[in-house]
Amino acid sequence: MIQKAGKGELEILANLAILMWDSTSVNELIADFSEIISKGKSQFFLKYENDIPIGFAQCQLRYDYVEGTTMSPVGYLEGIFIKEEYRNKGYAKELLAECEAWARDNGCKEFASDCEINNTDSFHFHKAMNFTEANRIICFTKAL
């Protein structure tokens, strides 16, 4: 089962998201997700198996330039995660389909995403889901 998630599911979302975005805390994720939901123009989806939350996806509308796209707004996959023991069952594909339908319902003709250059699992997922690679960049920084 997949359901739209709102403010009532913030803790569930954060406890799943921390497994992917571990450079922050659950409380920070709850605060971030609450703000994102309050602003609108985004949607979270939760995937359940036997009433157990096993994954989530976050998508939003982007109005700024999105690499490789020509229209605005663009539906954008901000994050997608399935607990490891539930992977390779098509659940991420189901979550992505919900995100794409939501974007279409919100007037989008294009959908985009990104992943870190060294995240091969995410890269292969995107290719399997018929995303086309638009660009690769490496960001640099130095202290002054």
Side-chain angles (χ1 to χ4, degrees), residues 1-7 9-37 39-142:
M1 174 183 86
I2 294 177
Q3 75 174 43
K4 286 184 177 181
K7 289 203 173 205
E9 291 78 31
L10 288 173
E11 190 170 338
I12 295 169
L13 286 167
N15 282 312
L16 287 166
I18 197 73
L19 299 171
M20 181 172 62
W21 294 316
D22 60 359
S23 62
T24 187
S25 72
V26 169
N27 288 336
E28 288 172 318
L29 287 168
I30 289 171
D32 289 348
F33 292 167
S34 179
E35 183 178 339
I36 289 166
I37 290 170
K39 289 182 178 179
K41 306 298 181 195
S42 66
Q43 184 62 60
F44 290 87
F45 293 95
L46 281 166
K47 172 68 179 173
Y48 291 87
E49 185 175 90
N50 300 321
D51 296 324
I52 298 167
I54 61 160
F56 82 100
Q58 175 192 358
C59 53
Q60 73 178 38
L61 304 178
R62 288 202 179 180
Y63 294 89
D64 55 331
Y65 174 70
V66 174
E67 193 75 39
T69 64
T70 60
M71 299 180 173
S72 182
V74 172
Y76 204 88
L77 182 65
E78 299 292 341
I80 191 165
F81 176 80
I82 299 292
K83 286 182 177 179
E84 193 167 342
E85 61 269 28
Y86 296 95
R87 292 181 186 166
N88 300 312
K89 295 182 177 186
Y91 295 155
K93 183 177 184 176
E94 291 175 15
L95 283 166
L96 177 61
E98 291 290 332
C99 289
E100 291 172 343
W102 176 84
R104 256 189 310 282
D105 290 346
N106 281 275
C108 296
K109 304 279 188 232
E110 294 177 291
F111 197 82
S113 184
D114 65 65
C115 71
E116 297 289 327
I117 203 161
N118 61 346
N119 189 339
T120 56
D121 289 342
S122 182
F123 176 80
H124 292 299
F125 168 75
H126 283 85
K127 296 299 278 183
M129 296 299 108
N130 297 316
F131 281 91
T132 301
E133 187 175 327
N135 194 10
R136 287 184 183 226
I137 63 168
I138 299 174
C139 302
F140 297 94
T141 184
K142 69 177 179 179

*Could you please spell out the steps behind the side chain to side chain contact (heavy atoms under 4.5 Å, CB included) verdict for I82 and F125?*
CA-CA 12 Å; I82 299 292; F125 168 75; over 6 Å; no
*Of all residues at least two apart in sequence or in a different chain, which pass the side chain to side chain contact (heavy atoms under 4.5 Å, CB included) check with N119?*
E116, D121, S122
*Search all heavy atoms of L46 against all heavy atoms of L16 and return the closest pair with its distance.*
CD2-CD1, 3.7 Å
*Between L96 and F111, is any pair of side-chain heavy atoms under 4.5 Å apart?*
yes
*Report the residues that fulfil ring-ring contact (aromatic ring centres under 6.0 Å, His included) with F33, sequence neighbours left out, ordered by chain and then residue number.*
F44
*asked:* Please find the pair of heavy atoms, one from G68 and one from A134, that lie closest to each other, and give the distance.
replied: CA-CB, 3.9 Å
_Enumerate the salt bridge (Lys or Arg N to Asp or Glu O under 4.0 Å) contacts for residues 9-29, please, sequence neighbours excluded, ordered by first and then second residue._
none
*Of all residues at least two apart in sequence or in a different chain, which pass the side-chain hydrogen bond (donor to acceptor under 3.5 Å, both in side chains) check with E94?*
K47
*Pairwise distance CD1(I18) to CG(L29) - rounded to 0.5 angstrom*: 5.0 Å
*asked:* Tell me every residue that passes side-chain hydrogen bond (donor to acceptor under 3.5 Å, both in side chains) with K7, counting only those two or more places apart in sequence or in another chain.
replied: S34, S38
_To the closest 0.5 Å, what do you measure between CG (D32) and CG (N27)?_
11.0 Å
*Between the main-chain N or O of G6 and the side-chain N or O of Q43, is there a donor-acceptor pair closer than 3.5 Å?*
no
*Results of side-chain hydrogen bond (donor to acceptor under 3.5 Å, both in side chains) for E133 - residues two or more places apart only*: R136
*Which residue pairs satisfy the ring pair (Phe, Tyr, Trp, His ring centres under 6.0 Å) criterion with at least one member in residues 62-105, sequence neighbours excluded?*
none
*Taking only residues two or more places apart in sequence or in another chain, which ones pass side chain to side chain contact (heavy atoms under 4.5 Å, CB included) with K127?*
F123
_Between R104 and E100, does any NZ, NE, NH1 or NH2 come within less than 4.0 Å of an OD or OE carboxylate oxygen?_
no
*Apply side chain to side chain contact (heavy atoms under 4.5 Å, CB included) to Q60 and list each qualifying residue two or more places apart in sequence or on a separate chain.*
S42, Q58, R62, E78
*Does a side-chain heavy-atom distance below 4.5 Å link Q3 with F45?*
no
*Just jot down the side chain to side chain contact (heavy atoms under 4.5 Å, CB included) partners of T69, sequence neighbours excluded, or say none.*
V66, V74, E110, A112
_Interatomic spacing from CD1 in I37 to CG in L13 - rounded to 0.5 Å_ = 6.5 Å
*Residues in ring-ring contact (aromatic ring centres under 6.0 Å, His included) contact with F131, at least two apart in sequence or another chain*: H126
*Which atom pair, heavy atoms only, marks the closest approach of C99 to L77?*
SG-CD1, 4.1 Å
_M20 CE to I80 CD1 distance, which is reported to the nearest 0.5 Å_ = 8.5 Å
_Are there over 12 heavy-atom neighbours, none belonging to N88, within less than 6.0 Å of that residue's CG?_
no
*Supply the atom-to-atom distance L61 CG to S72 OG, rounded to the nearest 0.5 angstrom.*
9.0 Å
*Could you note down all residue pairs passing salt bridge (Lys or Arg N to Asp or Glu O under 4.0 Å) where residues 82-91 supplies at least one of them, sequence neighbours left out?*
none
